[in-house]
Amino acid sequence: MNIDFLSPQNADDIAAELLRLSPDYAATPLHDLPALAARLGVAQLLAKDEGRRRLGSFKSLGGTYAGLRALARAAGRDVAGLLDPGNRPAGLPALVCASDGNHGLAVASAARFAGAKARIFLHGGVPALRARRIEAQGAEIVWIAGTYDDAVDAAAEAARRGDNILVADVAGDLTDPVVNDVMAGYGVIAAELRRQVGAAGHRRPTHLFVQAGVGGLAAALADGLRDWLAAPAGVIVVEPEQAPCVAAALAAGHIVQVPGRLETSAEMLSCGTASAPALEVLRKHGARVVTVSEDALAEAPRLLRDHGGPATTPSGAAGLAGVAARALDLAPDSRVMVIVTEAELDMDC
């Protein structure tokens, strides 16, 4: 992997490969929300609705793509060969990962497409509904006491012990092929945004506000939009005050472990350690970080919904929470883009 781009395949190739799996991998909507822009005092606010992606979140791009690539490498084939219905390889290893919910769902889906097994490690803070959705993909759930980071450690140990493949979205190694495949999958969003903004006749955004768990999505978008955003081309990473792992790592200049229980209503962002490949990309592109309060996270889904945006969760609207927290710092002619990263849990997705 070359850190200047995140996969041997480009985003359009990845999108085409995923679309062959399901029509639900079609490009997701981009909403122009002028009433919300006016409410926040900016010239434009565009919202990319990843809740309409297969499985209800952007994670289905990265986790599924990386899981299939990992199984294909193990079988000595490409992904098309792995999925060939007339000649599927037997005896595939199981996929394992830790998750707050959505990444595990995507990895379980990869295993299901390939006819392999999956074991997903969840910590006790993951809601039962998210666990049931993973089980519905045929995966085994392994419950771990502690935080998401404890589940990460347990999944890694399980991969070391047996004939399993770890499909993590966080790594300390800059060259980890699986983690970089995860981020490459997220790069599909950047490619879609470039086309959709132009096709709709919008002016290019001046600022991207994107939420971070371990930082993979933010890094993929910072990289994929680096030469496309209009000046000042601000990439702002948004994190809960209770789980600021990217902020801590960028401030320290290296990966650090954020202490505590990491309890936040933005459950999908409850991560204590950033991913080294993501951090390298964010640092290279000069990304800034803002942290937002629990009150701001709770308000953001209502703010989005009340101004014509899609229904989502505090995790899904965390980028918007960052815009609202910084609204007075943005010039009136700013054009802002946010990523709505997941649907409401009870939505049919």
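Throughout, residue positions are numbered sequentially from 1 according to the sequence presented.
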With no hydrogens and no angle check, is any side-chain donor or acceptor of [X] less than 3.5 Å from a backbone partner on [Y]?
X	Y	result
Arg226	Asp223	yes
Ser57	Glu342	no
Gln196	Thr28	yes
Arg133	Leu55	yes

N-O pairing of [X] and [Y] below 4.0 Å:
X	Y	result
Arg203	Asp333	no
Arg69	Asp78	no
Glu135	Arg132	no
Asp100	Lys59	no
Arg73	Asp181	yes

Set of ring pair (Phe, Tyr, Trp, His ring centres under 6.0 Å) partners for Phe121, sequence neighbours left out: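 Phe121: no ring pair (Phe, Tyr, Trp, His ring centres under 6.0 Å) contacts found.
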Please table the atom pairs, donor to acceptor, closer than 3.5 Å between any side-chain atom in residues 242-259 and protein atoms at least two apart or in another chain.
from   : atom 1 : to     : atom 2 : distance (Å)
Gln257 : OE1    : Thr273 : OG1    : 2.7

Between Thr175 and Asp173: side-chain donor-acceptor atoms closer than 3.5 Å: yes
